[in-house]
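A short worksheet on the structure shown next.
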2 protein chains.
Amino acid sequence: MSAGGGRVRIYDVASRAGVSVATASKALNDTGRMTEETRQRVKAAATELGFRPNAMARGLIQKRSFTIGLLTNDTYGRFTLPVMAGISEALVDQGVSVFLCGIEDDPALGRVHLDAMLDKQVDGIIASGKRIDRRLPVDLSNLPVPVVYAFTEGHEGSVTLVSDDFQGSTEAVEHLIALGRKRIAHVTGPETFASVKERARAYRAGIGAEGVVLYGAWSEHWGHEAVAQLWQRRETPDAIFCGNDQIARGVVDALRERGVKVPADVSVVGFDNWEIVAGQTRPPLTSVDMNLTALGREAGRLVLELAEGKPVEPGVRKLPCQLVIRESCGGNAAVTERRGGLVTAAD
Amino acid sequence: MSAGGGRVRIYDVASRAGVSVATASKALNDTGRMTEETRQRVKAAATELGFRPNAMARGLIQKRSFTIGLLTNDTYGRFTLPVMAGISEALVDQGVSVFLCGIEDDPALGRVHLDAMLDKQVDGIIASGKRIDRRLPVDLSNLPVPVVYAFTEGHEGSVTLVSDDFQGSTEAVEHLIALGRKRIAHVTGPETFASVKERARAYRAGIGAEGVVLYGAWSEHWGHEAVAQLWQRRETPDAIFCGNDQIARGVVDALRERGVKVPADVSVVGFDNWEIVAGQTRPPLTSVDMNLTALGREAGRLVLELAEGKPVEPGVRKLPCQLVIRESCGGNAAVTERRGGLVTAAD
DNA sequence: GGAGCGAAAGAAAAGGTTTTCTCTGCACGA
DNA sequence: TCGTGCAGAGAAAACCTTTTCTTTCGCTCC
């Protein structure tokens, strides 16, 4: 319906309703004081004309663009995409849109995108990444707008959101123990990753012993390899807690090839709950979900609060993970499933 | 360095350079007429002060926001993310940023995001999806801004970019033939997909016969199942062209479990070149890449041209795919590899 | 009856640029 | 010497809202 070249301005609405632009503006924004009748008349006129305020004009004066920037070096989107979904979810009904900027690991590219965002007067920036213990290749510490870090390392005194690897891993190990498993091994990624250390720490705490921890690559191949190593030992495990789903898939495939039954003989748990891997494995993997969408929602909420000038306690917040039960562990499901459920306080 | 609360305005630059704001503006934008000395003096002042023009003020008058919107229902990002990367690549040095809006398959959500984008005066919109023969759940046909469709079906008379499934599939089949394979089968997705039909058509044309085409789901499971079916036949194939990488992976795994050697006994080709699947398969999959990043680059270029008022021929453009050789086919590599290389005409 | 007050609504400024228009010299030709 | 034309630079309008500041008007209270 809103055809015709020139967009309709608030001036048109005002003159149609027989009021001044000032009154029209106040009527539409539910501010100022006026007869309820006048307010309704203006709103009716706006609807009839299909008026939509020009966000640039509004932003110019309000010094807010209703826009935030998401900066990430996770080209593949494995982590950023769920985070993005959460952010968007939290912001869309506030009328806030999100600039997505993939900056690889290139400082120059990061700078370019950052500058473009600042020029556009973003109300805030969320930084995200593919690794919890690495910084983006661009300095965000002295910006004229608020910054929230989600799933990447923040600067001193920043607001940072990460998943609680310890809690998630604990859920996984306790699940295995609850199923009666006694000899649990841990096959995981490179020891340099903070989350690898954290998950291993939770593993040891969970079984109350040193246990068996094999560090390697984040690949299916390493899963295979690790099984080969484990089955050379005197005592083979009856459960394997894996550092991510790809390793878990490699483990499961290798076990099947050896004629070891999953989950009958050995239970396997993955990490990340990457549907495409966990769901297609035979049997489908029980895995720890990092609740990245919830994390994104929280990041969106926080950056908005900061943008509106509300105070937000700085520091690192760990958000709980949740164990998703499929078929790779056996036993009765729904054991610890509910414990990690993130309380989505809002609506 | 650019600390301090208030941002520096062009007024500050002007007064530092000892000129009027009008002159300053012209100097910085390389427009108008003035002594080269003056121009340089202004530019120097701008640099020293770290001046960055306020994009909202500029956009308000120029009626351009240097912003475009990307609308997609591909929540998972398998297709949209590479497209997005290409778009961003094409636009970043024009100073254009991208709003990413995931709208699932929800018309209401689509409407909300679309309205938000239009309010923000985006210069154009790119629509993308997860399927080439389906529309987004929101009507983009009478918008006040240009629209380009990338990897989703467009409206009548629109500018639409898709990958050339026929050409890509032909490359794959010809590759197999060149390797001496005689009995090539085709295991693919649901017949309802246009790309499935197209790939099957190219398969038949390539082998010059009806061949064997098995339709099923886009899953590894179906790949297993299909192999079971094929190996019940009198004559087993010596090559399998798969409709996507997940099916191909299922096929390869099933063949290995049967003791059939890949690629010694049977060559397998996938489609999509999804690194995470193709690369982790044993052996790594030769696969058809749809060049989605190039497609995104082209979409970005086109939407910008339209935004600048340049004429763009409407219609559906098919962009070539490229066969990526790994190890699942055997023989000498680099056979048809170069044929599909996309000519990136620009820069 | 007039001072004072409060509600309704309008006038105008503000926000930071770009762009058009105007003005001032100066060189040049008649 | 007097136009003419043009280069260089500035004044001011324009972009579209929001917001502050006035104005108007009717009412109450002394």
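These numbers come from a predicted model, not from an experiment. No hydrogens, no waters, no symmetry mates; every other heavy atom, side chains included, goes into these values. Every chain is numbered from 1 and lettered A, B, ... according to where its sequence line falls, protein lines coming before strand lines.
- Between the side chain of Lys26(B) and the base of dG8(D) there is no donor-acceptor pair of N/O atoms closer than 3.5 Å.
- Distance CD1 (Ile61(B)) to P (dG15(C)): 17 Å, rounded to an integer number of Å.
- No side-chain N or O of Thr72(A) forms a donor-acceptor pair with one of Asp74(A) less than 3.5 Å apart.
- Contact between the side-chain N/O atoms of Lys63(B) and the OP1/OP2 oxygens of dT18(C) is not found at any separation under 4.0 Å.
- The aromatic rings of Phe99(A) and Phe99(B) sit parallel to each other, their planes meeting at less than 30°, with 60° as the upper class boundary.
- Here dT19(D) presents its P atom at 9 Å from CZ of Arg58(A), a figure rounded to the nearest Å.
- Within the 4.0 angstrom heavy-atom criterion, only backbone atoms of the sugar-phosphate kind lie near Ile10(B); the bases stay farther away.
- In this model, the phosphate group of dA9(C) is approached by a side-chain N or O of Thr38(A) to a distance below 4.0 Å at OP1 or OP2.
- Under the 4.0 Å criterion applied to side-chain N and carboxylate O atoms, Arg134(A) and Glu153(A) are not assigned as salt-bridge partners.
- Side-chain N/O atoms of Thr35(A) include one lying less than 4.0 angstrom from OP1 or OP2 on dA9(C).
- The shortest distance between the side-chain N/O atoms of Asn29(B) and the OP1/OP2 oxygens of dT18(C) is below 4.0 Å.
- Here the P atom of nucleotide dT24(C) and the CZ atom of Arg33(B) are 18 Å apart, to the nearest Å.
- Rounded to whole Å, the distance from CG on Leu49(A) to P on dC16(D) is 15 Å.
- Here dT18(D) presents its P atom at 13 Å from CZ of Arg64(A), a figure rounded to the nearest Å.
- Taking the side chain of Ala22(B) as heavy atoms from C-beta on, and the options dT18(D), dA12(D), dT18(C), the nearest nucleotide is dA12(D).
- A straight line from CG of Leu60(A) to P of dA14(C) spans 13 Å, rounded to a whole angstrom.
- Note on Thr23(B): a side-chain N or O is less than 4.0 Å away from OP1 or OP2 of dG10(D).
- With no hydrogens or angles considered, a side-chain donor-acceptor pair links Lys120(A) and Ser97(B) at under 3.5 Å.
- The OH atom of Tyr11(A) sits 17 Å away from the P atom of dT18(D) (whole-angstrom rounding).
- The CG atom of Asp30(B) sits 15 Å away from the C1' atom of dT18(C) (whole-angstrom rounding).
- Here Arg7(B) does not pair with Asp12(B) in a salt bridge; the nearest charged N to carboxylate O distance is not below 4.0 Å.
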